[in-house]
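Remarks on the structure that follows.
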2 protein chains.
Amino acid sequence: MRQIAGAVGVQAGALYNYTPDKQTLLLGLMRSHLEELLEATAAQPNPKRVMDRLEAFTRFHIRFHSERPDAVFIAYMELRNLSPDNFATIEGLRGQYENMLEEILHQGVADGVFDVPDPKIATLAVIAMLTGVNTWYRSGGRLSLPEVEEIYWDMVRKSVVR
Amino acid sequence: MRQIAGAVGVQAGALYNYTPDKQTLLLGLMRSHLEELLEATAAQPNPKRVMDRLEAFTRFHIRFHSERPDAVFIAYMELRNLSPDNFATIEGLRGQYENMLEEILHQGVADGVFDVPDPKIATLAVIAMLTGVNTWYRSGGRLSLPEVEEIYWDMVRKSVVR
DNA sequence: GTTTTTTCTGAACGTTTGTTCAGATAGCGT
DNA sequence: ACGCTATCTGAACAAACGTTCAGAAAAAAC
């Protein structure tokens, strides 16, 4: 708490005008991150053809997450510090996001475009792969964001197509 | 330290007969995990055909990591608690492991079997996807380990083939 | 300009942390 | 049975932790 206060230029006690305790502060950070993610996803144009939907999802995921490295870092690394109740809340939100991708994969299978034996697992596999970008991508690095998008979209597409 | 000692049935002070301090203990856990990983990888049969090499790598990675959920968890979640020196050590070992996959991808491109524009990134993408298994896989769950291997091998193969 | 409300400080609290160490205990070779 | 070595206990230490609160300071309202 003292570190956080220092980073905002204030004494530790002042933080308690904004949060009842540390746990609630953490929950708030995670929850607002995931709610932003869900809102932004919903606000995204939703193409009809399943291949376009998957491409939109892939590129959006990379873009959104690479713009918020700190929030993403916290949302993954601090999961174990949530109380059981709060953990369930966060897992629920994350589940909603995963369901969006899973639904795309289901549609792709139904349309005969994708070959995915287990859409639930494929969802987790794709998201793990995409979120991995945050462990190495730095803006100003060797690859531009569009180049990264291109590489990953290529791999995601191939990994699920018929 | 008191929790660790308790889990071993001993007082906290007794741990200092085995480690000079907490940081060294953490480094030891991570280092031995990664050295085991490198040894076990090296001890693995190494097929000639690049497709077989990739399959062996994929299945081995899933098997090895699913057998050590705790070590894998620590090796990823505690990275930020390493001193800069120790972090460099661990990153070096991890880099060695990644290089093994990257070399396979390079061979695949050279052989005209794989279509991978950036083998370094593809390596990170594949490993992120495979390591993601540990976040959800539980032995005795819906899917057996061979089934998991099959699903992931399918996706990995397709994501890099020409 | 004064009052009222909001925000922050600075010190204090009880707990938990990593670590040390004198002494107790256990294990082993002889 | 004895001595030597390896191991563990239990208390203690300073530092860091999350949190509280009376009062100062700043901002807003009138």
Side-chain angles (χ1 to χ4, degrees), chain A residues 1-37 39 65 68-95 131 134-135, chain B residues 1-37 39 65 68-95 131 134-135:
Chain A
M1 294 301 277
R2 276 172 247 255
Q3 277 186 58
I4 293 171
V8 194
V10 105
Q11 290 294 104
L15 296 181
Y16 289 84
N17 290 312
Y18 303 92
T19 183
D21 51 57
K22 197 191 177 189
Q23 172 75 201
T24 308
L25 176 58
L26 175 60
L27 174 65
L29 287 173
M30 290 194 180
R31 203 217 300 268
S32 66
H33 168 65
L34 287 173
E35 282 171 351
E36 263 186 60
L37 173 63
E39 277 177 42
H65 284 74
R68 299 161 171 78
D70 294 349
V72 173
F73 184 87
I74 287 178
Y76 277 86
M77 298 300 257
E78 300 293 336
L79 271 177
R80 59 170 150 162
N81 294 316
L82 289 174
S83 70
D85 275 12
N86 293 341
F87 182 82
T89 301
I90 295 302
E91 280 295 286
L93 290 171
R94 205 187 293 277
T131 307
N134 268 54
T135 64
Chain B
M1 295 302 276
R2 275 172 246 255
Q3 277 186 58
I4 292 171
V8 194
V10 106
Q11 290 293 103
L15 296 180
Y16 290 85
N17 290 312
Y18 302 93
T19 183
D21 51 58
K22 197 190 177 190
Q23 172 75 202
T24 308
L25 175 57
L26 176 59
L27 174 65
L29 287 173
M30 290 195 177
R31 204 217 300 266
S32 66
H33 167 66
L34 287 173
E35 282 170 353
E36 263 187 59
L37 174 62
E39 276 177 44
H65 284 74
R68 300 162 172 76
D70 295 349
V72 174
F73 185 86
I74 287 178
Y76 277 86
M77 298 299 258
E78 300 294 337
L79 271 177
R80 59 171 147 161
N81 294 316
L82 288 175
S83 71
D85 274 12
N86 293 341
F87 182 81
T89 301
I90 295 301
E91 279 296 287
L93 290 172
R94 206 187 292 278
T131 307
N134 268 54
T135 64

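What you see below is based on every heavy atom in this structure, not just the backbone, and it leaves out hydrogens, waters and symmetry mates. Small disclaimer: the values here were computed from a predicted structure and weren't measured. In the text below, chain A, chain B and the rest are named by the order of the sequence lines, each starting its count at 1.
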Between [N] ([atom2]) and [X] ([atom1]): distance, integer Å:
| X | N | atom1 | atom2 | value |
| --- | --- | --- | --- | --- |
| A:L26 | D:dG18 | CG | P | 12 Å |
| B:I4 | C:dT19 | CD1 | P | 11 Å |
| B:Q11 | D:dG10 | CD | C1' | 7 Å |
| A:N81 | D:dC17 | CG | C1' | 14 Å |

So, taking the atom named [atom1] in [X] and the one named [atom2] in [Y], what distance separates them when rounded to the nearest 0.5 Å?
| X | Y | atom1 | atom2 | value |
| --- | --- | --- | --- | --- |
| A:D70 | A:H33 | CG | NE2 | 11.0 Å |
| B:E91 | B:M30 | CD | CE | 10.0 Å |
| B:N134 | B:Y76 | CG | OH | 8.5 Å |

Using only atom types and a distance under 3.5 Å, with no angle test, would you say the side chain of B:S32 pairs donor to acceptor with the backbone of B:L29?
yes
Where the side chain of A:R2 is concerned, which of C:dC8, D:dG18, D:dC8 is the nearest nucleotide?
D:dG18
What parts of residues 12-23 of chain A reach DNA chain C, counting only heavy atoms under 4.0 Å away?
A:G13, A:A14, A:N17, A:Y18
Between A:K22 and A:E78, does any side-chain N to carboxylate O distance fall below 4.0 Å?
no
Would you please say whether a donor-acceptor pair under 3.5 Å links the side chains of A:N86 and A:T89?
no
